[in-house]
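Here's the structure we're looking at; comments come further down.
Position 1 is the first residue of the sequence; numbering continues from there.
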Amino acid sequence: MSSAHTSGDQFRDYQDDRAAKSQDTIYTTANGVPMPHPYETQRMGENGPLLLQDFHLIDLLSHFDRERIPERVVHAKGSGAHGIYKTTKSLSDLCLADMFEEGKECPITVRFSAVGGESGSHDCARDPRGFSVKFKTDEGNWDLFPHFIHTQKRDPSTHLTHADDSTAFWDYLSQNPESVHQVMILMGDRGIPDGYRFMHGYFGHTVKLVNKKGEWVYCQFHMISQQGTKFLTQEQAAEKSPDYSQKDLYNAIESGDFPKWSLEVQTMSAKEAEELWEKQKINVFDLTHVWPHAQFPLRKVGEFILNENAKNYFAEIEQVAFNPAHLPPGIEPSADPVLQSRLFSYPDAHRHRVGVNYQQLPVNAPRVDYRMANFQRDGGMAFFNQGARPNYISSIEPIAFRERTVNLDKVHGNFAGHAVTFLSEIREEDFVAPRALWERVFDDGAKERFVKNVAGHMANCRVEEIIRRQIGIFREVSGELAQRLEKATGVRGYDGIRELRFNGTHNGMARSADKKVANGMKGTGVSRCESNGAPVSGCHGSNGVAAR
């Protein structure tokens, strides 16, 4: 008797199914009934119509009709692989998460992606890109990932992308000048990395690390490619296949050339965060601001390596779901407003796209050394529905509880104030990082390529006023940059943003009062504050720890 009969499916798990060869299986319907041939059908006589009673045919066709789940709203096109993370230098002085104890290892799943494109889009399109890592720690899953987006989708009328019609793309950016640093990265050399192996990853958002004493610091995570970084020019990218990055990653792992990244952190105390705003106007809660490396140097914590390709792309990469709210004890969210909104939005998107029980799928399921239980039941695809255990706190069959390891009152309870409505304000400090990027990071070749990339993309913008506004924003970064863009586009831009009013932000640099507030808002009772959402002196408690 064959192994297919002796082992059977009675107690199989995903790993067993994943490793099985076709020769060890028997063709059946979804409910396990063996069938003599996939193409066999029931019909009324040799030349009559098909019969509705033919469950095999109905089962086959109806599942085929439902084989696709909705693609991600953003990050639809991507590649991924599995690997191992290892802590090489303890972070226990700052964080109580046991994954940061020296020598600790855990399995990981990584997904690289484009942001704006559809599932069939080109790997080498100019795009911000995403880089997500799921750490399956002993204390639950931790999802780490970096982060305008409808502007990069198809136009609702023409159904064209911004490659053919960039009007909406530049309209949005010209109304949200705080995006200029990201725009410069996107339109510069880093906008098209030479495959996923040669790019860094940055979380961007500020989180809190909490140690065993209950002390906490602010933190940003960096994933630094040990292969270095490489980029493609616009012309080189056009010569590559649509799946260039996917092919490069898969083949590298398949040949044993395993890519590696180091996990590094920047940290600062609550007091340092307050002083950084007061003295340098850098807001740790602002996704667009950069922490100076000279003041807050990178500290290497560990490394991860990708050494295993997916056996089934759909099951292991398309269905993987990353969530910034997946945080093990010792890592907590900050008051970053964009992060706060993502804590809800991402798991909500997964429940819609994959299903309410998406965390029960093998690629998403935690790998902990205790039996998980909660009071969540039922819903679509509930594989593990917790048997006959009560779905409430029962005195007859009580569930166990673990003592809290993080004092949330101390970590999150130090902000004092009243509820406010808030909209950020563009200010001089928002141009410091992009100015440094242009003046100190871009060399002459990079500057030339940047101007060429922007001007070429703007050529598809149908409204000249939008280009004038965007050049005015670039003029706040550098007068030289604005002049070079004017020459390349043939459009005379505004002399900065002091005479402009914006849709997405207040203009703190405006000369007249009517332009200081966002479009559609009156001059009184507007949702702005002096700190622009930054941590100010006195807003934290005294429980922080020196960061370095």
Side-chain angles (χ1 to χ4, degrees), residues 69-80 109-134 143-156 160-166 168-173 176 178-205 221-223 225 229 231-232 234 237 240 242-246 248-249 287-288 317-324 336 338-339 341-342 345-350 352-354 453-454 457 460 504:
I69 60 176
E71 68 176 37
R72 292 167 170 88
V73 176
V74 293
H75 302 278
K77 176 69 181 293
S79 305
T109 295
V110 172
R111 185 176 186 268
F112 306 93
S113 63
V115 174
E118 298 146 356
S119 61
S121 59
H122 204 295
D123 277 356
C124 299
R126 189 168 296 279
D127 186 273
R129 283 177 175 73
F131 184 163
S132 305
V133 186
K134 185 179 291 291
D143 292 349
L144 177 64
F145 59 102
H147 307 293
F148 8 17
I149 294 301
H150 280 139
T151 63
Q152 293 183 269
K153 296 299 185 181
R154 293 182 180 274
D155 184 274
L160 297 173
T161 69
H162 65 91
D164 291 300
D165 184 354
S166 63
F169 178 90
W170 289 109
D171 182 37
Y172 175 84
L173 298 178
N176 293 272
E178 67 273 20
S179 63
V180 67
H181 187 238
Q182 177 62 60
V183 174
M184 293 184 68
I185 293 173
L186 172 64
M187 303 306 290
D189 291 341
R190 282 183 275 179
I192 312 180
D194 187 4
Y196 295 128
R197 294 183 295 142
F198 299 99
M199 63 183 238
H200 301 320
Y202 307 95
F203 185 48
H205 293 302
F221 286 97
H222 302 247
M223 294 167 285
S225 170
T229 58
F231 69 91
L232 298 173
Q234 196 79 41
K240 304 298 183 183
D243 297 320
Y244 172 79
S245 299
Q246 161 75 12
D248 174 76
L249 179 66
L287 182 61
T288 68
I317 305 301
E318 184 63 16
Q319 289 191 133
V320 68
F322 299 92
N323 177 2
D336 177 338
V338 180
L339 173 60
S341 65
R342 282 176 164 149
S345 179
Y346 278 70
D348 189 57
H350 302 328
H352 162 71
R353 190 179 73 89
V354 184
N453 292 338
V454 172
H457 199 270
N460 292 324

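- The line from OG of Ser166 to CG of Asp155 is 11.5 Å long, rounded to the nearest 0.5 Å.
- With hydrogens and angles disregarded, no donor-acceptor distance shorter than 3.5 Å links the side chain of Arg190 to the backbone of Pro128.
- Atom CG of Asp123 and atom CG of Leu232 lie 10.5 Å apart (nearest 0.5 Å).
- Using bins of under 30°, 30° to 60° and over 60° for the plane-to-plane angle, the ring pair His162/His457 lands in the tilted bin.
- Taking both residues in full, the closest heavy atoms of Ser245 and Gly195 are given as OG-CA, 3.6 Å, listed atom of the first, atom of the second, then distance.
- The residues Glu71 and Arg353 are annotated as not salt-bridged, no charged nitrogen and carboxylate oxygen being separated by less than 4.0 angstrom.
- Considering every non-hydrogen atom in both Phe322 and Thr109, the closest pair reads CE2-O, 3.9 Å.
- Side-chain contact check for Thr288 versus Gln182: every heavy-atom pair is 4.5 Å or farther apart.
- Contact detail for Arg129 and Ile192: the closest heavy-atom pair is NH1-CA, 4.1 Å.
- Between His222 atom NE2 and Phe203 atom CZ the span is 11.5 Å, to the nearest 0.5 Å.
- Nearest heavy-atom pair, Gly130 versus Val115, reported as atom, atom and distance to 0.1 Å: N-CG2, 4.0 Å.
- Ring geometry for Phe112 versus Tyr196: interplanar angle under 30°, hence parallel rather than tilted (30 to 60°).
- The CD atom of Gln246 sits 12.0 Å away from atom OG of Ser113, with the distance rounded to the nearest 0.5 Å.
- In this structure, Met187 and Val454 have side chains that are in contact, with non-hydrogen atoms separated by less than 4.5 Å.
- Annotation: side chain of Tyr346 is not in contact with side chain of Asp143 (no heavy-atom distance under 4.5 Å).
- Checking Arg342 against His205 by side-chain atom types alone, a donor-acceptor pair falls below 3.5 Å.
- Of all heavy-atom pairs spanning Ser225 and Met199, the tightest one is CB-O, 3.6 Å.
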Problem set entry | Residues Asp243, Lys77; criterion salt bridge (charged side-chain N to carboxylate O under 4.0 Å, His left out); working and verdict | CA-CA 10 Å; Asp243 297 320; Lys77 176 69 181 293; 3.0 Å; yes
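- Closest approach of Leu173 and Ser179 over heavy atoms only: CD2-OG, 3.5 Å.
- Although no hydrogens or angles enter the test, the distance criterion places no donor-acceptor pair under 3.5 Å between the side chain of Arg111 and the main chain of Glu318.
- Here CZ of Phe231 is found 13.5 Å from CZ of Phe198. Values are rounded to the nearest 0.5 Å.
- Between Val183 and Trp170, the closest side-chain pair of non-hydrogen atoms falls below 4.5 Å.
- Put simply, the side chain of Asp348 does not reach to within 4.5 Å of the side chain of His352, judged on heavy atoms.
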For this session: Assess whether salt bridge (charged side-chain N to carboxylate O under 4.0 Å, His left out) is satisfied between Arg197 and Asp248, documenting all intermediate values.
Result: CA-CA 8 Å; Arg197 294 183 295 142; Asp248 174 76; 2.8 Å; yes
For this session: Test side-chain contact (heavy atoms from CB on, under 4.5 Å) on His200 and Thr229 and set out the steps.
Result: CA-CA 7 Å; His200 301 320; Thr229 58; 3.3 Å; yes
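- In this structure, His75 NE2 and Asp127 CG are separated by 8.5 Å, a value rounded to the nearest 0.5 Å.
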